[in-house]
Amino acid sequence: MTAALPSAASLYGRVRGVIPPMEWAAFGDDIDAILALKRQRNAVILAHNYQTPEIFHCVADIVGDSLALARKAMAVDADVIVLAGVHFMAETAKLLNPNKTVLIPDLGAGCSLADSITPEDVRRMRQRYPGVPVVTYVNTSAAVKAESDICCTSGNALAVVESLGAPRVIMLPDEYLAKNIAAQTSVEIISWKGHCEVHERFTAADIRELRDAYPGVTVLAHPECPPEVVAEADFAGSTAAMSDYVGQHGATRVALITECSMSDNLAVEHPEIDFVRPCNLCPHMKRITLTNILAALERDRHEVTIDPQIIGPARRAVERMLAV
Ligand code: 13P
Ligand code: SF4
């Protein structure tokens, strides 16, 4: 017998601490329709940690950081994958599931890091540094991944760099992630000039002011932040690593130096923690809404396709990363 679907009304208890009733009133119908269509179409929704709580906690089947989404995308047993996140994440899911329909609800959900580098740029770096392996952050297009030896995420970048056994590594395109990793390894890192438009805005002074205003606050930063920001934090790690830290260290007041929805999603799981929010919004992540997730499931909008010429090499770079 098929299990009964949860209703939007029954899900509200989960998120009432972060979604006021007035706002929730606009979500109920879309949530019920999405839950029904997911079952009808044998679809799953993968949602990144930066998605808003009504998506993250009410319609998503699989949630996590970029690494977890890539790993779990490999094992998805469904006909359709809807990626509630940004375009490079949907491309990664498609690379790992070439025979499934992968949908991104808004094609404009990009990423300033992915936009900062082209395949031609990678080829030029190889010419400039012959024989030096190229590690590419997953926040890049499939075409850029296809030019790389191996991918990494913020969750495994150090392990990936050290797995290569090389004295020098080219790490593209996030300059700050590269510098933050360089501070933890003896491998020489050659970086690029890409930045995350969300994390580059945080400053070391922001953190010092925060500590003055909220004594005892535990500060967790994403490694896409500038190194001087990471130096002021108590811990730096991927969105999943920050989430684990919050669960394991018994902090009572936490500031997440990252995208705003992360605090909302963690506040649902940890109502006992006071999250202070010097956050920045990612305009790309915020393009994904319940309304366009519903439209994606109703009308296959927008199907992610990848040039057949680059699928093989791009997939190899992602699979090599997943094997580390
Ligand atoms: P994570 O891999 O840590 O989830 O980061 C993805 C991202 O886009 C951060 O800005
Ligand atoms: Fe890209 Fe930054 Fe947005 Fe993450 S937060 S998707 S790195 S622009």
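Whatever order the structure lists them in is the order used to number ligands and atoms, beginning at 1. Remember, it's a predicted structure, so these values are computed and weren't measured experimentally.
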Between Tyr176 and His199, ring centroids under 6.0 Å: no

Geometric class of the Tyr245/His249 ring pair [parallel <30°, tilted 30-60°, perpendicular >60°]: parallel

Under 3.5 Å: N/O of Thr153 near N/O of ligand 1: no

Under 4.0 Å to a heavy atom of Leu113 - the qualifying atoms of ligand 2, by number: 7 (S)

Location of contacts on Glu224 toward ligand 1, heavy atoms closer than 4.0 Å: side chain

Ligand 1-proximal atoms of Asn139, by part, heavy-atom distance under 4.0 Å: side chain

Side chain, backbone, both or neither: the part of Glu259 lying under 4.0 Å from ligand 2 by heavy atom: neither

Donor-acceptor under 3.5 Å (Ser238 side chain, Ala240 main chain): yes

Ligand 1 atoms in contact with Ser154 (distance to a heavy atom under 4.0 Å): 1 (P), 2 (O), 3 (O)

Residue and atom name of the nearest protein heavy atom (relative to atom 1 (Fe) of ligand 2), distance in Å to one decimal: Cys111 SG, 2.4 Å

Asn49 to ligand 1, any heavy atom closer than 4.0 Å: no

Proximal ligand 2 atoms for Asn139, defined as those under 4.0 Å from one of its heavy atoms: 7 (S)

Test item: Lys145 side-chain N/O and Tyr137 main-chain N/O as donor-acceptor pair under 3.5 Å: no

Charged N-O contact under 4.0 Å between Lys179 and Glu175: yes

Nearest candidate to atom 2 (Fe) of ligand 2, where distance is taken over non-hydrogen atoms, out of Cys196, Pro283, Ala109, Ser112: Cys196

Within-4.5 Å side-chain heavy-atom neighbours: Asn156 and Met321: yes

His199 to ligand 1, any heavy atom closer than 4.0 Å: yes

Ser238-ligand 1 polar pair, N/O distance under 3.5 Å: no

Cystine candidate Cys279-Cys260, SG separation under 2.5 Å: yes

Heavy-atom check, side chain of Val82 versus side chain of Pro105, under 4.5 Å: yes

Atom 3 (Fe) of ligand 2 contact by Cys282, N, O or S atom under 2.8 Å: yes

Residue Ser66 vicinity, atoms of ligand 1 by number, heavy atom under 4.0 Å: 1 (P), 2 (O), 4 (O), 5 (O), 6 (C)

Salt-bridge contact Glu91-Lys94 (side-chain N to carboxylate O under 4.0 Å): no

Interfacing atoms of ligand 1 (cut-off 4.0 Å, heavy-atom, Asp65): 1 (P), 2 (O), 4 (O)

Sub-4.0 Å atoms of ligand 1 with respect to non-hydrogen atoms of His222: 1 (P), 3 (O), 5 (O), 9 (C)

Same apolar cluster (I L V M F W Y, side chains within < 4.5 Å links), Phe27/Leu11: yes

Carboxylate-amine/guanidinium proximity below 4.0 Å for Arg211 and Glu232: no

Ligand 1 contact by His48, heavy-atom criterion under 4.0 angstrom: yes

